[in-house]
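Okay, structure first, notes after.
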Protein chains: 2
Amino acid sequence: MHELDQHLLQERLVDFEKRCRENGLKMTHQRLTVYRELLSSRDHPAVETLFQRVRRHISTISIDTVYRTLATLEEAGMINRVDTTEGVVRYEADHGVSHHHLVCKKCHRIKDFVWESFDTMPPPPAVDHWGESVGRSVVFTGICRHCREQGGEK
Amino acid sequence: MHELDQHLLQERLVDFEKRCRENGLKMTHQRLTVYRELLSSRDHPAVETLFQRVRRHISTISIDTVYRTLATLEEAGMINRVDTTEGVVRYEADHGVSHHHLVCKKCHRIKDFVWESFDTMPPPPAVDHWGESVGRSVVFTGICRHCREQGGEK
DNA sequence: TGCTTAATCAGAATATTTCCTAAATAGTAT
DNA sequence: ATACTATTTAGGAAATATTCTGATTAAGCA
């Protein structure tokens with residue numbers, strides 16, 4: 001973990017407290033831990049996965065709390081669901097930087113990347129006609145370098 | 001259903017038979033019906049939904065067959081899974097036209113649109129470095145016209 | 001400090017998805 | 001027409017995912 005990351009993380013946590021207060025959400029140990037764990041998870045974890053990780057810090061936390069917390073934070077716009085074809089809900093913290101996803105068909109790992117020239121591209125007319133769009137994301141699918149070289153571990 | 005649609009549908013079904021033969025897949029009534037139903041479904045149905053529809057034609061079909069068929073056809077590249085944040089697997093038939101998705105946060109309906117200037121855009125360097133990409137898709141999320149006007153029916 | 005109420009907990013209940021087994025059926029090639 | 005084998009079926013098991021209940025805890029405020 002770099003200095004910079006530590007700094008950004010700290011910044012996010014301060015922001016988290018602020019936004020909780022704004023939304024009338026109490027700052028519980030559980031909430032903070034779930035959020036912090038998601039913040040430092042770079043792999044867009046499913047609920048169960050995140051539950052396991054949070055458990056390492058709060059051994060008595062119930063999975064119900066993780067579900068509830070994620071739903072609450074999502075509603076408040078502090079975290080996002082990730083698009084997948086797996087039939088599993090996955091989350092990521094809002095890191096404040098627009099990014100998109102690279103999805104490996106073998107290992108199902110998801111990697112972030114930024115693409116400014118896409119972000120600034122005007123949407124096609126069909127989008128405006130459809131309704132009010134609030135977000136856009138790109139997903140590239142394929143086989144990641146790791147899987148191609150090692151045959152994958154799926 | 002327009003003349004044109006009928007024609008395209010027919011074309012797709014012929015292609016389906018050909019590809020089944022190529023892959024050594026027998027042309028069963030069930031397979032054909034599942035595929036045809038998906039072809040004419042414009043709403044990217046989940047397995048259960050598609051099962052209900054196919055049932056109208058083959059009342060004795062088992063859901064297991066639908067699961068198996070979809071998995072088989074997906075493997076053969078004749079149908080695709082759709083990206084969602086719902087935690088549900090959804091499918092669409094390969095209509096032979098590159099398209100992308102508009103997803104309504106209220107009613108969860110998914111609409112297709114084409115975006116050629118995106119399709120022809122070169123990927124950012126990060127993608128090439130990541131591995132071998134075989135597909136790309138864009139998802140716009142927001143509130144569709146229908147939901148905005150009527151308050152949605154979630 | 002004490003009150004109020006949101007939030008958490010244990011763990012059971014429910015729901016959903018997917019897979020499995022053994023027997024019956026039906027394509028396809030000969 | 002026959003044989004071979006993939007495929008389907010019923011129905012239940014297994015695996016996952018999600019929600020609920022009632023009792024307890026603790027955050028935030030007066």
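Naming convention: chains lettered A, B, ... in sequence-line order (proteins, then strands); numbering from 1 in each chain.
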Of all the heavy-atom pairs spanning B/Leu9 and B/Ser40, show the shortest one and how long it is.
CD1-CB, 4.2 Å
Taking for each residue the nucleotide of DNA chain C bearing the nearest heavy atom, is the 5' side occupied by B/Val88 or by B/Thr28?
B/Val88
Chain A footprint on DNA chain D, 5' to 3' - any atom under 4.0 Å from a heavy atom:
D/dA17 to D/dG28
With a 4.0 Å cut-off on N to O distance, would you call A/Asp128 and B/Arg145 a salt bridge?
no
Do A/His101 and A/Lys111 have side chains that get closer than 4.5 Å, going by heavy atoms?
no
Would you indicate whether B/Gln52, at its atom CD, is surrounded by more than 12 heavy atoms from other residues, nucleotides or ligands within a distance under 6.0 Å?
yes
Considering heavy-atom distances to DNA chain D, does A/Ala46 or B/Gln30 have its closest nucleotide positioned more toward the 5' end?
B/Gln30
Does atom CD (B/Glu22) have a neighbourhood of more than 12 heavy atoms from anything else shown, all under 6.0 Å?
yes
Is there a side-chain contact between A/His44 and A/Tyr91, using heavy atoms and a 4.5 Å cut-off?
no
Would you indicate whether the side-chain heavy atoms of A/His99 and A/Glu92 approach each other to under 4.5 Å?
yes
What verdict does the ring-ring contact (aromatic ring centres under 6.0 Å, His included) test give for B/Tyr67 and B/Phe51, after you've listed the backbone C-alpha separation in whole Å, the side-chain angles of each residue and the deciding distance to 0.1 Å?
CA-CA 9 Å; B/Tyr67 271 103; B/Phe51 170 59; 8.8 Å; no
Might you point out which heavy atoms bring B/Ala46 and B/Val88 nearest each other, and give the distance in Å?
CB-CG1, 3.6 Å
Bounded by its outermost nucleotides with an atom under 4.0 Å from a heavy atom of chain B, the footprint on DNA chain C reads C/dT17 to C/dT28
Min side-chain heavy-atom separation B/Ile79-B/Leu38 under 4.5 Å:
yes
Which of residues 57-76 of chain A have a heavy atom under 4.0 Å from DNA chain D?
A/Asp64, A/Tyr67
